[in-house]
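Please read the structure below before turning to the comments.
Atoms within each ligand, like the ligands themselves, are counted from 1 in listed order.
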Amino acid sequence: MAPIIGVLGMQGDIREHVEFLKNMDVGVTIVKLPKHLETIDALIIPGGESTTIWKLMKITGLDVSLKEKIEQGLPVYGTCAGMIVLAKEIENFPAQETLGAIDIKVKRNAFGRQVDSFEADLEIKYIDGKPFRGVFIRAPLITSYGKDVEILSEYDGKPVMARQKNILVSSFHPELTNDSRVHEFFLKMV
Ligand code: GLN
C-alpha cells in the first residue's frame with residue numbers, strides 16, 4: 001500500500017509540498033493537530049518562518065507530540081524553516097526553541113541580504129544523474145554537526161543537506177522544482 005505522507009500545516013509553503021506529493025505514488029494529508037500524527041507514515045515540515053511555525057506547534061501541542069513520534073522513529077523531512085525546527089541548536093538565535101531532533105547547529109538567513117534567494121546546482125550523495133537544482137530562499141546553513149550526522153550535499157563547501165537516522169533536512173526547497181529525486185530519496189527512508 002502507498003504510504004501516507006503528512007505535511008505539517010502550520011505556516012509556510014504547505015500547499016506546494018501537498019501539490020508536489022500528489023504527483024507521486026503516495027497518499028497526502030495535512031497535519032494540524034496531534035491526532036493527525038496517528039494517520040501518517042512520514043512527515044514533511046515545509047519552509048516558511050521558523051518562529052511562526054514553532055509558535056503554532058506550541059499552541060496545538062504538536063511540539064510535544066511530534067517530538068515523541070520522532071523518538072519512536074517517524075521519518076521526518078524538514079526543508080528550510082523545517083530544517084531549523086528540527087535542529088538541535090540555532091547559532092544566531094540561541095533562545096529559539098526547536099524539536100532538537102537532529103544533531104546540527106544551524107544559522108538562520110545565513111546567505112545575507114543581497115543573496116536572500118538564489119538557485120544553484122548541487123551534487124547530492126545517493127542521487128545519481130544530473131545535478132539537483134537547489135532553490136534557496138532566505139535559507140539556513142548547517143554550521144556544525146555531530147558524529148552521527150551524514151552530510152549529503154554542500155554548497156560552496158558548506159553543508160546544506162543532512163541525515164541522521166529517521167531525520168532528513170535541507171536548506172533548499174525541492175518542492176519548488178519539477179525534480180522529484182529528493183522526495184523519492186526521502187520515501188526510501190519511509
Ligand atoms: N528565513 C526563514 C527562517 O529563518 C526560513 C526561510 C525558508 O523557509 N524559506 O525561519
Under a strict 4.0 Å criterion on non-hydrogen atoms, which protein residues are in contact with ligand 1? G47, G48, E49, S50, C80, A81, I84, R108, N109, I137, R138, H173
Residues that E119 engages under salt bridge (charged side-chain N to carboxylate O under 4.0 Å, His left out), provided they are two or more places apart: R133
Is it true that E19 and K22 have a side-chain N and a carboxylate O under 4.0 angstrom from each other? yes
Worked check of salt bridge (Lys or Arg N to Asp or Glu O under 4.0 Å) between E49 and R108: CA-CA 10 Å; E49 214 287 314; R108 290 177 61 192; 2.7 Å; yes
Check step by step if salt bridge (Lys or Arg N to Asp or Glu O under 4.0 Å) holds for E97 and K55. CA-CA 9 Å; E97 286 179 84; K55 253 180 224 154; over 6 Å; no
Under a 4.5 Å cut-off applied to non-hydrogen side-chain atoms, are W54 and L99 in contact? yes
Taking the six-membered ring for Trp, are F185 and F132 ring centroids under 6.0 Å apart? no
